[in-house]
**Student:** 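Here it is, the structure in full.
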Amino acid sequence: MALEVVVLAAGAGTRMRSRTPKVLHPLAGRPLLAHVLDAAFRLEAEQCHVVVGHPADEVKAHFQNEPRISWVLQEPRLGSGHAAAQALPAVANDATVLVLLGDVPLVRAETLSRCIAASGDGIALVTIDLPDPRGFGRILRRGSSRDSHCGSRIIGIVEDADATAEQRAIAEINTGILAAPKAVLGTLLETLDRNNKQGEYYLTDIVGKADARGIAVAGVDGRVPEEVMGVNDRVQLAHLERYYQRGLADELMRQGVAVMDPSRLDIRGRLKAGRDCVIDVDVVFEGDVVLGEGVHVGPGCVIRNSALGDAVEVHPMSCIDGAMVAAGCRIGPYARLRPGTELAESVHIGNFVETKKASLGVGAKANHLAYLGDASVGAGTNVGAGAITCNYDGVDKHRTEIGENVFIGTNATLVAPLTIDDEAYVGAGSTITKTVEREDLAIGRGRQRNIQGWTPPAKRQGDEGP
Ligand code: UD1
Ligand code: MG
């Protein structure tokens, strides 16, 4: 039987207390819904229907480059059962339907495959025992012993809001993930009503209806709570974030990376790291980041969409964004590399140095307090403390081209467009506006004047001074 996936993602997400739709809240830097879709796409279903609520534009806009989604609008929102019913007309009659919740982000394709396999001619649902089942629908069984569900039959689901005190003590919860042939699902959805505490069509009510009609209901064990748990509020989201991040950190360590504190690392994207990299505490990786072998990343760094070569050292509190950094470079502490930065081997970028669209040749150094924007700096050149490329005239950006083995003195102001040839020197405190030729020394500053025997103004009586 062909498989079609229906993702319910129209809920208002009230408990998040947010203007952002719940399924767009990020986990590891990507919307919850993107994680659900990852698992869905891995199953290679014929169709993936995503039910969204009004206004749907924000959610749709996020996934506009994803042609595998067919969108379904649920308007008004009348509960998860109503949401599922909105998608059914678009599903092929002979399909098996897998229902996923847009707020259960970490479910694995393997769990879903087990659920689909267990559905047969009836319903299969993924359940799990939780030490704290508050807020979830509880699974009602007949003939269940306290410690085992073996041999017992699922006869219904009761929502937390509607449960009796006795039912609330049940540890086995509904994860919301279920599979059934479209015909079975369609028939059962038609029988739903809104006679419950929340006045909604509960998808979960189909389980009791199925049991009453002799339709088989199979339970599939979700095995790992975090992988099948829903996100209804920010506390649950933070819990899943830490769980997910811990998994990524463990994976890195197995690949030979030293993670100083696996609970203080965040990877919001894809990180590839070679052996013997050392990642200190509170480091955030975003987008696509590649680290060579033996890269050291100090505490508090943020590295986004960048590639760092072997043995690069990034000292504390540095931000690297959109940069290519070759082997042996030393960066920071407190450095900021912005997009378009390209550093050749063994470049040193020190504290409070900012670079943007800047290339530095082998062994070039800018060790303190400099801005290099729209600039190229040749190999072996030394950029002194406080040197600035003035790349912006208020309207346009201009480039500064600095050759090899150049010496740029402290506090030099380099007004672009500007060329400074190889082996040239710029005196400290200079404002340079014209080309400096090879091996020349350029000095552009007021000449020092010493006034001999200077007598300071006399103090008047009663003056308090500054
Ligand atoms: C739901 C289940 C509960 C289960 C829990 C697991 C129901 C009635 N209850 O409760 O048994 O333990 O998930 O996480 O299904 N949605 C719509 N349209 C609506 C309402 C909801 O698309 O009108 C979507 C939501 O976006 C969400 C899903 O359905 O993805 C579940 O809704 P939610 O309000 O989160 O239900 P829970 O209280 O979590
Ligand atoms: Mg939920």
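Since the structure is predicted, the reported quantities are computational estimates derived from the model, not experimental observations. Read the numbers this way: they start at 1 and go in the same order the structure lists the ligands and their atoms.
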**Student:** Tell me the protein heavy atom at minimum distance from atom 22 (O) of ligand 1, and give that distance in Å.
**Tutor:**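 Going by distance alone, atom 22 (O) of ligand 1 is nearest to Ala10 N, 2.9 Å.
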**Student:** Which atoms of ligand 1 sit under 4.0 Å from any heavy atom of Gly102?
**Tutor:**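 Checking each atom against Gly102, I get 30 (O).
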**Student:** For atom 37 (P) of ligand 1, grab the closest protein heavy atom and report residue, atom and distance to one decimal in Å.
**Tutor:**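 Ranked first by proximity to atom 37 (P) of ligand 1 is Arg15 NH2, 3.8 Å.
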**Student:** Side chain or backbone, does Leu203 bring an N or O within less than 3.5 Å of an N or O on ligand 1?
**Tutor:**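 In this structure, Leu203 places no N or O atom under 3.5 Å from an N or O of ligand 1.
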**Student:** Tell me, which protein residue and heavy-atom name are nearest atom 12 (O) of ligand 1, and how many Å apart are they?
**Tutor:**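 Protein heavy atom with the smallest distance to atom 12 (O) of ligand 1: Asn174 O, 2.6 Å.
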**Student:** Looking at Lys22, which atoms of ligand 1 are within less than 4.0 Å of one of its heavy atoms?
**Tutor:**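 That gives atoms 35 (O) of ligand 1.
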**Student:** Within ligand 1, which atoms have a heavy atom of Ala83 less than 4.0 Å away?
**Tutor:**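 Those qualifying, in numeric order: 17 (C), 18 (N), 22 (O).
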**Student:** If we count only N and O atoms by modelled type, under 3.5 Å, do the side chains of Thr355 and Thr341 hold a donor and an acceptor together?
**Tutor:**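 Yes, because at least one side-chain N or O of Thr355 sits under 3.5 Å from a partner of the opposite role on Thr341.
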**Student:** Can you report which non-hydrogen protein atom sits closest to atom 15 (O) of ligand 1, along with the distance?
**Tutor:**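 Here the closest protein heavy atom is Ser80 OG, 2.7 Å.
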**Student:** Students should be able to answer this: which protein heavy-atom is nearest to atom 3 (C) of ligand 1, and at what distance?
**Tutor:**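 Here the nearest protein heavy atom works out to Glu159 OE1, 3.4 Å.
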**Student:** Number the atoms of ligand 1 from 1 as they appear, then name those within less than 4.0 Å of a heavy atom of Gly137, with their elements.
**Tutor:**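 Here the atoms of ligand 1 in question are 3 (C), 4 (C), 11 (O), 12 (O).
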**Student:** Tell me: protein heavy atom nearest atom 1 (C) of ligand 1, and distance?
**Tutor:**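 Ranking protein heavy atoms by distance from atom 1 (C) of ligand 1, first comes Leu101 CD1, 4.3 Å.
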**Student:** Does Gln198 reach ligand 1, in the sense of a heavy atom lying below 4.0 Å from it?
**Tutor:**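 No.
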**Student:** Checking side chain to side chain contact (heavy atoms under 4.5 Å, CB included) against Phe285, which of Leu265, Leu248, Asp266 comes through?
**Tutor:**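 The single option meeting the side chain to side chain contact (heavy atoms under 4.5 Å, CB included) with Phe285 is Leu265.
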**Student:** What I want to check is whether the side chains of Glu200 and His82 have a donor and an acceptor closer together than 3.5 Å.
**Tutor:**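 No, no side-chain donor-acceptor pair sits under 3.5 Å.
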**Student:** Pick out which of Leu237, Leu24, Leu101 makes a side chain to side chain contact (heavy atoms under 4.5 Å, CB included) with Leu32.
**Tutor:**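 Only one of Leu237, Leu24, Leu101 forms a side chain to side chain contact (heavy atoms under 4.5 Å, CB included) with Leu32, namely Leu237.
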**Student:** Within ligand 1, which atoms have a heavy atom of Gly79 less than 4.0 Å away?
**Tutor:**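 Near Gly79, meaning under 4.0 Å from one of its heavy atoms, ligand 1 has 18 (N), 19 (C), 20 (C), 23 (O).
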**Student:** Give the atoms of ligand 1, by number and element, whose distance to some non-hydrogen atom of Asn232 is under 4.0 Å.
**Tutor:**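 Taking each heavy atom of Asn232 in turn, ligand 1 has 35 (O), 39 (O) under 4.0 Å.
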**Student:** Any chance the side chains of Ser18 and His25 put a donor and an acceptor closer than 3.5 Å?
**Tutor:**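 There is such a pair between these side chains.
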**Student:** Between the side chains of Asp160 and Arg134, is the shortest nitrogen-to-carboxylate-oxygen separation below 4.0 Å, so that they form an ion pair?
**Tutor:**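 Result for this pair is no, no salt bridge flagged.
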**Student:** Are His315 and Tyr334 an aromatic pair, judged by ring center distance below 6.0 Å?
**Tutor:**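 No, the ring centres sit 6.0 Å or more apart.
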**Student:** For the residue pair Asp374 and His398, confirm or rule out a side-chain donor-acceptor distance under 3.5 Å.
**Tutor:**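 Asp374 vs His398: no donor-acceptor pair found between side chains.
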**Student:** Verify whether one side chain among Asn391 and Lys357 offers a donor that lies under 3.5 Å from an acceptor in the other.
**Tutor:**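 No pair is found: no donor N or O on one side chain lies under 3.5 Å from an acceptor on the other.
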**Student:** Under 4.0 Å and counting heavy atoms only, is there anything from the protein next to atom 9 (N) of ligand 1?
**Tutor:**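 Flag for atom 9 (N) of ligand 1 set to true, protein heavy atom closer than 4.0 Å.
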**Student:** Could you tell me whether some N/O pair between Gly11 and ligand 1 is separated by less than 3.5 angstrom?
**Tutor:**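 In this structure, Gly11 places an N or O atom under 3.5 Å from an N or O of ligand 1.
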**Student:** Hey, is Arg399 close enough to Glu401 for a salt bridge, meaning N to O under 4.0 Å?
**Tutor:**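 Yes, this pair counts.
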**Student:** Using the salt bridge (charged side-chain N to carboxylate O under 4.0 Å, His left out) criterion, which residues pair with Glu110? Sequence neighbours excluded.
**Tutor:**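 In terms of salt bridge (charged side-chain N to carboxylate O under 4.0 Å, His left out), with neighbours along the sequence ignored, Glu110 is linked to Arg108, Arg114, Arg223.
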**Student:** Regarding ligand 1, does Thr204 bring an N or O atom to under 3.5 Å of one of the ligand's N or O atoms?
**Tutor:**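 The answer is no, given that Thr204 and ligand 1 share no N or O pair closer than 3.5 Å.
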**Student:** Under 4.0 Å from any heavy atom of Arg77, which atoms of ligand 1 are there?
**Tutor:**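 So the atoms of ligand 1 that pass are 23 (O).
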**Student:** Of Asp103, Thr14, Asp233, which is the lone residue that meets side chain to side chain donor-acceptor pair (under 3.5 Å) with Lys22?
**Tutor:**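 Single side chain to side chain donor-acceptor pair (under 3.5 Å) partner of Lys22 among Asp103, Thr14, Asp233: Asp103.
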**Student:** Counting distance only, does the side-chain N/O of Arg268 pair as donor-acceptor with the main-chain N or O of Gly29 below 3.5 Å?
**Tutor:**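 Pair absent, no side-chain N/O of Arg268 close to backbone of Gly29.
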**Student:** Give the residue and atom name of whichever protein heavy atom lies nearest to atom 35 (O) of ligand 1, and the separation in Å to one decimal.
**Tutor:**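 Its nearest protein heavy-atom neighbour is Asp103 OD2, 2.9 Å.
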**Student:** Work out how many protein N, O or S atoms lie closer to the Mg ion (ligand 2) than 2.8 Å.
**Tutor:**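 That number is 2, waters not included.
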**Student:** Under the rule for side chain to side chain contact (heavy atoms under 4.5 Å, CB included), what residues qualify as partners of Ile157, not counting sequence neighbours?
**Tutor:**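 For Ile157 the side chain to side chain contact (heavy atoms under 4.5 Å, CB included) partners, ignoring immediate neighbours, are Leu125, Ile139, Glu159, Asn174, Thr204, Val207.
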**Student:** Any donor-acceptor pair under 3.5 Å linking the side-chain atoms of Gln64 with those of His62?
**Tutor:**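 Their side chains do not contain a donor-acceptor pair, so the 3.5 Å distance test is not met.
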**Student:** For Glu354, what residues pass the side chain to side chain contact (heavy atoms under 4.5 Å, CB included) criterion, not counting sequence neighbours?
**Tutor:**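 Testing Glu354 for side chain to side chain contact (heavy atoms under 4.5 Å, CB included), a comparison that skips the adjacent residues, returns Arg336, Arg338, Tyr371.
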**Student:** So that I can tick it off, tell me whether Asp250 and Arg246 are bridged by a salt bridge, with the cut-off set at under 4.0 angstrom between side-chain N and carboxylate O.
**Tutor:**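 Asp250 and Arg246: salt-bridged.
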**Student:** Any nitrogen or oxygen of Phe136 lying under 3.5 Å from a nitrogen or oxygen in ligand 1? Just yes or no.
**Tutor:**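 The answer is no, given that Phe136 and ligand 1 share no N or O pair closer than 3.5 Å.
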**Student:** May I ask you to check if ligand 1 and Leu8 share an N or O to N or O distance below 3.5 Å?
**Tutor:**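 N/O-N/O distance under 3.5 Å: yes.
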**Student:** Closer than 4.0 angstrom: is that true for some heavy atom of Ile173 and an atom of ligand 1?
**Tutor:**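 In this structure, Ile173 fails to qualify as a contact of ligand 1 - no heavy atom is under 4.0 Å.
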**Student:** Looking only at heavy atoms, is any part of Leu78 under 4.0 Å from ligand 1, and if so is it the side chain, the backbone, or both, or is it neither?
**Tutor:**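 The backbone, only.
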**Student:** Considering only the protein, which heavy-atom contact is closest to atom 18 (N) of ligand 1, and what is its distance?
**Tutor:**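 Looking only at protein heavy atoms, the one closest to atom 18 (N) of ligand 1 is Gln74 OE1, 2.7 Å.
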**Student:** Looking only at side chains, do Asp162 and Tyr202 share a donor and an acceptor under 3.5 Å apart?
**Tutor:**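 Yes, side-chain donor-acceptor contact under 3.5 Å.
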